[in-house]
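Right, one structure below, let's go through it.
In each ligand, atom 1 is the first atom listed, and ligand 1 is the first ligand listed. Heavy atoms only: backbone and side chains are in, while hydrogens, waters and symmetry mates are out.
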Amino acid sequence: IAGASDLGVQLFARGAKGTPLTPEIAINLAAVNKRLLALARQQSDDMRSSLVEAGVRIISGHGRLDGPGAVVVSTGPQGTAFDRVEADTLVVSVGASPRQLPQAKPDGERILTWTQLYDMTTLPEHLIVVGSGVTGAEFASAYMNLGAKV
Ligand SMILES: Cc1cc2nc3c(=O)[nH]c(=O)nc-3n(C[C@H](O)[C@H](O)[C@H](O)COP(=O)(O)OP(=O)(O)OC[C@H]3O[C@@H](n4cnc5c(N)ncnc54)[C@H](O)[C@@H]3O)c2cc1C
């Protein structure tokens with residue numbers, strides 16, 4: 001209970017003196033999202049440190065393949081500096097980005113991708129989740145439990 005506000009959960013209690021209290025719960029979505037993003041950042045930092053500790057050389061920049069055995073990484077502002085790295089084996093692991101539907105372009109206010117969702121500071125009254133993968137199901141149940149009509 002003492003740490004609830006750090007999690008974005010605000011507790012209020014009502015009740016006449018000497019009678020059991022009736023708790024009321026409110027969600028501070030800005031605090032919830034701030035904590036989530038901090039946890040994600042911390043996890044990324046931990047991963048980076050583990051790699052460095054294991055002896056991995058990390059180059060931050062935008063990479064592109066340069067033939068079958070090399071990668072060129074632009075590291076300077078607007079791609080002004082380059083680093084070329086050769087290797088026998090290259091693992092391309094560039095992840096995925098949210099698909100944007102042409103009929104419903106995300107504007108970050110009413111239509112949001114998952115990357116924009118964490119900027120929300122107030123709980124929407126109604127929410128429609130498009131997409132039924134694990135992330136969509138997770139958002140649907142999370143926002144339903146936070147009190148939005150999903
Ligand atoms: C909202 C959400 C919640 C999730 N929750 C969970 C969870 O609780 N548990 C779980 O296990 N999984 C979860 N996942 C899934 C998990 O995040 C992904 O499966 C995982 O991150 C995929 O890892 P990856 O390395 O393939 O890609 P990513 O994590 O996307 O990493 C790819 C990286 O490559 C970089 N990149 C792309 N192109 C280039 C380039 N040309 N040069 C240099 N860098 C480049 C990108 O910027 C990115 O940093 C979640 C996903 C989402 C969207």
Side-chain angles (χ1 to χ4, degrees), residues 1-12 23-150:
I1 289 171
S5 68
D6 292 341
L7 305 176
V9 180
Q10 297 171 327
L11 297 171
F12 305 92
E24 283 180 15
I25 297 170
I27 298 298
N28 179 345
L29 194 65
V32 170
N33 283 335
K34 194 173 156 200
R35 178 171 169 270
L36 284 177
L37 292 175
L39 285 170
R41 230 179 346 260
Q42 193 183 2
Q43 207 173 35
S44 296
D45 291 345
D46 286 349
M47 281 191 254
R48 172 176 273 267
S49 329
S50 302
L51 289 171
V52 171
E53 237 169 74
V56 174
R57 178 179 158 221
I58 298 177
I59 307 169
S60 295
H62 185 265
R64 69 175 167 80
L65 293 173
D66 190 25
V71 169
V72 169
V73 192
S74 53
T75 50
Q78 275 122 36
T80 45
F82 292 97
D83 208 335
R84 190 171 186 280
V85 189
E86 291 184 4
D88 294 336
T89 305
L90 301 174
V91 179
V92 179
S93 164
V94 290
S97 45
R99 181 153 66 99
Q100 303 198 357
L101 304 175
Q103 312 91 317
K105 281 268 179 214
D107 57 9
E109 280 180 29
R110 210 169 66 86
I111 302 177
L112 305 109
T113 67
W114 72 264
T115 61
Q116 297 164 328
L117 204 74
Y118 297 104
D119 293 332
M120 276 205 297
T121 52
T122 51
L123 193 66
E125 212 173 301
H126 297 93
L127 180 76
I128 296 172
V129 179
V130 181
S132 56
V134 64
T135 307
E138 203 172 72
F139 280 134
S141 67
Y143 275 83
M144 210 165 68
N145 282 305
L146 288 172
K149 203 168 174 188
V150 180

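Proximity of atom 40 (C) of ligand 1 to the protein is indicated by at least one non-hydrogen atom lying closer than 4.0 angstrom. The protein reaches atom 2 (C) of ligand 1 closely, with a heavy atom under 4.0 angstrom from it. For atom 22 (C) of ligand 1, the protein comes within 4.0 Å by no heavy atom at all. There is a protein heavy atom less than 4.0 angstrom from atom 34 (O) of ligand 1. Using a 4.0 Å threshold on non-hydrogen atoms, atom 12 (N) of ligand 1 does not count as touching the protein. For atom 49 (O) of ligand 1, no protein non-hydrogen atom is found at a distance below 4.0 Å. By the definition of a contact as any protein heavy atom under 4.0 Å away, atom 7 (C) of ligand 1 is not in contact. Put simply, atom 30 (O) of ligand 1 has protein non-hydrogen atoms near it, under 4.0 Å away.
Shown in contact with Gly95 at under 4.0 Å from a heavy atom are these atoms of ligand 1, numbered in order with element: 26 (O), 27 (O), 28 (P), 30 (O), 32 (C). Every atom of ligand 1 is numbered from 1 in the order shown, and the set under 4.0 Å from a heavy atom of Gly61 is 42 (N), 43 (C). Residue-ligand proximity, Thr135 to ligand 1, at heavy-atom distances under 4.0 Å covers atoms 1 (C), 2 (C), 52 (C). Of all the atoms in ligand 1, the ones that sit under 4.0 Å from a non-hydrogen atom of Tyr118 are 1 (C).
Looking at residues two or more places apart in sequence or on another chain, you find no salt bridge (Lys or Arg N to Asp or Glu O under 4.0 Å) involving Arg99.
In this structure, of Ser44, Ser74, Ser93, the residue bringing a heavy atom nearest to atom 25 (O) of ligand 1 is Ser93.
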(request) Output, in order, the C-alpha distance, side-chain angles, deciding distance and verdict of side-chain contact (heavy atoms from CB on, under 4.5 Å) for Asp83 and Val72. (result) CA-CA 6 Å; Asp83 208 335; Val72 169; over 6 Å; no
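When heavy-atom distances to ligand 1 are checked against a 4.0 Å cut-off, Val94 comes that close through both its backbone and its side chain.
More than 12 heavy-atom neighbours from other residues, nucleotides or ligands sit within 6.0 angstrom of CD1 on Ile59.
The two residues Ala70 and Glu86 come nearest to each other via the heavy atoms CB-CG, 4.0 Å.
For a threshold of 3.5 Å applied to N or O pairs, the pair formed by Gly63 and ligand 1 contains at least one separation below that value.
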